[in-house]
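Here is the structure we will look at, set down as structure tokens.
As a basis for the values below, the full set of heavy atoms in this structure was taken, side chains included, without hydrogen atoms, waters or symmetry mates.
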Amino acid sequence: MAEYLFIDGYNILNKDRGLRETMKVSLEDARDAFTKRVEDYAAYRGSNIIIVFDGYSRENKTRTVTTNNNVTTVYTKKGESADAYIERQVTILLDDLPRTTTIWVATSDYLEQTIIFARGAVRLSARELIEDMSKATAERNHTVQEKGFDTPNMLSDRLDSKTLEMLKSIALKGSK
């Protein structure tokens, strides 16, 4: 089943304590850190995620869209709010995609939650998204430790001693 998650970027940034502190120093660093966390989350969850940052008061008259793996980052154009962009895209997707597709919208904006819920999407509060992202990170880290993926994966650990000695002699000849 296909799944899409729209994230009201600044709404979530303002609800996350760590990112809120980073925003005081550098808005760009906070956005980059959040986008990286979302990319990790998307890889773990397997969803298509769209982060939308308000460009409402920007001077840029065009929308900026970049995609990295399953994460699309949108900076809306001047005069366009993230809410309006999300509402429009949710409506389009719900009209075009099969009924088995789930569309989530992460925001703590009550009006936005009400509108997208009325259109057929599932609402997710900022707190719920932040908790789910933390839970996914913890689960991934546990899996990595449990399966031993965090240990070095050295070629020398998998070679027999004869082959290893032959490679060492080749390397020594090449360094002379």
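With respect to K135 and E131, no salt bridge is recorded, no charged nitrogen being found less than 4.0 Å from a carboxylate O. Classification of E3 and R45 as a salt-bridged pair holds, one side-chain N sitting under 4.0 Å from a carboxylate O. Remark: R20 does not engage D16 in a salt bridge, criterion side-chain N to carboxylate O under 4.0 Å.
A donor-acceptor contact shorter than 3.5 Å links the side chain of S108 to the backbone of A126. Using modelled atom types, no side-chain atom of S47 and backbone atom of I49 make a donor-acceptor pair closer than 3.5 Å. Q113 places a side-chain N or O within 3.5 Å of a backbone atom of T107 that can act as its donor or acceptor partner.
The shortest side-chain heavy-atom distance between V38 and M133 falls under the 4.5 Å cut-off. Side-chain contact between T62 and K78 is absent, with no heavy-atom pair separated by less than 4.5 Å. Looking only at side-chain heavy atoms (C-beta outward), I50 and I7 stay at 4.5 Å or farther from each other. Residues I12 and L129 form a side-chain contact, since some pair of their non-hydrogen atoms from C-beta on lies under 4.5 Å apart. Using a 4.5 Å heavy-atom threshold, the side chains of D8 and V52 count as separate. Between T35 and F53 there is a side-chain heavy-atom pair separated by less than 4.5 Å. Side-chain contact between T101 and Y4 is present, with heavy atoms from C-beta onward closer than 4.5 Å.
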Pairs of donor and acceptor atoms involving the side chains of residues 83-97, under 3.5 Å and at least two apart or interchain, shall be tabulated with distances.
unit_1, atom_1, unit_2, atom_2, d
R88, NH2, E80, OE2, 2.2
T91, OG1, E87, O, 2.9
T91, OG1, R119, NH1, 3.4

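Clustering ILVMFWY residues whenever any of their side-chain heavy atoms sit less than 4.5 angstrom apart, transitively, puts F34 in a cluster other than the one holding V65. Hydrophobic clustering of Ile, Leu, Val, Met, Phe, Trp and Tyr side chains at less than 4.5 Å, counting indirect connections, unites Y75 with M23. Neither V74 nor V71 shares a network with the other; the hydrophobic side chains, linked directly or stepwise wherever heavy atoms of I, L, V, M, F, W or Y lie under 4.5 Å apart, form separate groups for each.
Interatomic distance, T22 OG1 to L13 CG, rounded to the nearest 0.5 Å: 9.0 Å. Here the NZ-CG distance, from K36 to N68, works out to 8.5 Å after rounding to the nearest 0.5 Å. In this structure, the separation between OG on S161 and CE on M166 is 11.0 Å, given to the nearest 0.5 Å. Note: I103 CD1 to R123 CZ = 16.0 Å, rounded to the nearest 0.5 Å. Rounded to the nearest 0.5 angstrom, L27 CG and L19 CG are separated by 10.5 Å. Annotation: the span from Y41 atom OH to L5 atom CG amounts to 6.0 Å, rounded to 0.5 Å.
In this structure, a donor-acceptor pair under 3.5 Å is present between the side chains of T72 and T67.
Not counting sequence neighbours, the partners of E28 by the side chain to side chain contact (heavy atoms under 4.5 Å, CB included) test are S26, R31, D32. Applying the side chain to side chain contact (heavy atoms under 4.5 Å, CB included) rule to Y44 yields the partners A136, E139, R140; only residues at least two apart in sequence or on another chain are considered. Checked against side chain to side chain contact (heavy atoms under 4.5 Å, CB included), E128 has the following partners two or more places apart in sequence or in another chain: L124, S125. Residues passing the side chain to side chain contact (heavy atoms under 4.5 Å, CB included) test with D160, sequence neighbours excluded: K162, T163.
I115 belongs to a hydrophobic cluster whose other members, connected by ILVMFWY side-chain contacts under 4.5 Å either directly or through intermediates, are L111.
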